[in-house]
Amino acid sequence: KAGVTQTPRYLIKTRGQQVTLSCSPISGHRSVSWYQQTPGQGLQFLFEYFSETQRNKGNFPGRFSGRQFSNSRSEMNVSTLELGDSALYLCASSLAESGGALGKETQYFGPGTRLLVL
Amino acid sequence: LAKTTQPISMDSYEGQEVNITCSHNNIATNDYITWYQQFPSQGPRFIIQGYKTKVTNEVASLFIPADRKSSTLSLPRVSLSDTAVYYCLVGPFSGGYNKLIFGAGTRLAVHP
């Protein structure tokens with residue numbers, strides 16, 4: 001079974017621009033989460049989507065948004081880019097099976113998109 | 001979510017067994033303990049997950065005492081390729097709460 005894929009793998013943008021990152025979850029996985037990783041802040045949760053609805057959100061400004069499509073693929077968008085948005089953006093998927101064992105929900109991460117804002 | 005505490009870094013040599021202990025004093029009844037491994041510029045990779053006692057897979061073992069206030073990830077006979085950051089996470093990873101909170105992790109360096 002193919003893993004989580006993210007495109008593009010690398011991206012260079014300038015301040016003020018916007019960017020859209022894409023994530024394709026493992027086949028059959030219904031939940032997609034996004035994380036930002038920087039040397040200073042570590043791995044931080046951005047948001048999670050399930051059945052095309054955002055159901056969890058981290059502490060990031062409104063410039064960070066996302067969506068999920070009916071096939072569970074997800075995109076995240078960052079508008080008005082700032083230098084501090086330079087980071088590795090990771091996507092993770094999980095089954096999110098209803099009725100599944102409580103507390104036993106493994107997330108599988110993609111390779112990430114490395115974004116550099118100049 | 002239960003807060004976790006683990007060593008910032010550890011050093012080992014090829015062929016040795018490495019044990020990384022994580023403290024989670026306020027773990028809740030429905031919390032599971034999960035360990036991830038991350039190499040530079042890659043996404044974290046799931047290693048092992050457990051609730052109590054001992055869990056073993058082809059990669060590692062996870063030891064959880066009866067009070068569940070700590071857990072130990074055991075990597076048998078490490079190699080240079082095991083050099084990575086290891087994260088211990090505790091939480092109710094059920095559907096509806098897929099929000100992983102990562103700490104600083106333990107940076108493991110394996111030497112020849």
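Order of the sequence lines sets the chain letters (A, B, ...), proteins ahead of strands, with each chain counted from 1. Computed from heavy atoms alone, side chains included, the values below leave out hydrogens, waters and symmetry copies. None of the values given here were measured: they were computed from a predicted structure.
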Enquirer: Between A:Phe109 and B:Gln42, is there a side-chain heavy-atom distance shorter than 4.5 Å?
Expert: no
Enquirer: What is the minimum heavy-atom distance between A:Leu90 and B:Gly43, and which atoms define it?
Expert: CD2-CA, 3.4 Å
Enquirer: Using 0.5 Å steps for rounding, measure from the CD atom of A:Gln37 to the CZ atom of B:Phe102.
Expert: 8.5 Å
Enquirer: Hydrophobic cluster membership, with links at side-chain heavy-atom distances under 4.5 Å among I/L/V/M/F/W/Y: are A:Leu46 and A:Tyr35 in one?
Expert: no
Enquirer: Are there more than 12 heavy atoms of other residues, nucleotides or ligands under 6.0 Å from atom CZ of B:Arg107?
Expert: no
Enquirer: Same cluster for A:Val19 and A:Met76 if Ile/Leu/Val/Met/Phe/Trp/Tyr side chains link at under 4.5 Å?
Expert: yes
Enquirer: Looking at A:Arg15, I'd like to know if its CZ atom is crowded, meaning that more than 12 non-hydrogen atoms belonging to other residues, nucleotides or ligands lie closer than 6.0 Å.
Expert: no
Enquirer: Tell me whether A:Asn59 at atom CG has more than 12 heavy atoms from other residues, nucleotides or ligands lying less than 6.0 Å away.
Expert: no
Enquirer: Taking side chain as everything from C-beta outward and backbone as N, CA, C, O, which of these in B:Tyr51 sits under 4.5 Å from a heavy atom of chain A? Side chain, backbone, both or neither.
Expert: neither
Enquirer: Are more than 12 heavy atoms, taken from residues, nucleotides or ligands other than B:Tyr13, located less than 6.0 Å from that residue's OH atom?
Expert: no
Enquirer: Are A:Leu43 and B:Gln38 close enough that some pair of their side-chain heavy atoms sits under 4.5 Å apart?
Expert: yes
Enquirer: So A:Tyr108 and B:Phe46, would you call those rings parallel, tilted or perpendicular, with 30° and 60° as cut-offs?
Expert: tilted
Enquirer: Which heavy atom of B:Ser41 sits nearest a heavy atom of A:Arg114, and at what distance?
Expert: OG-NH2, 2.9 Å
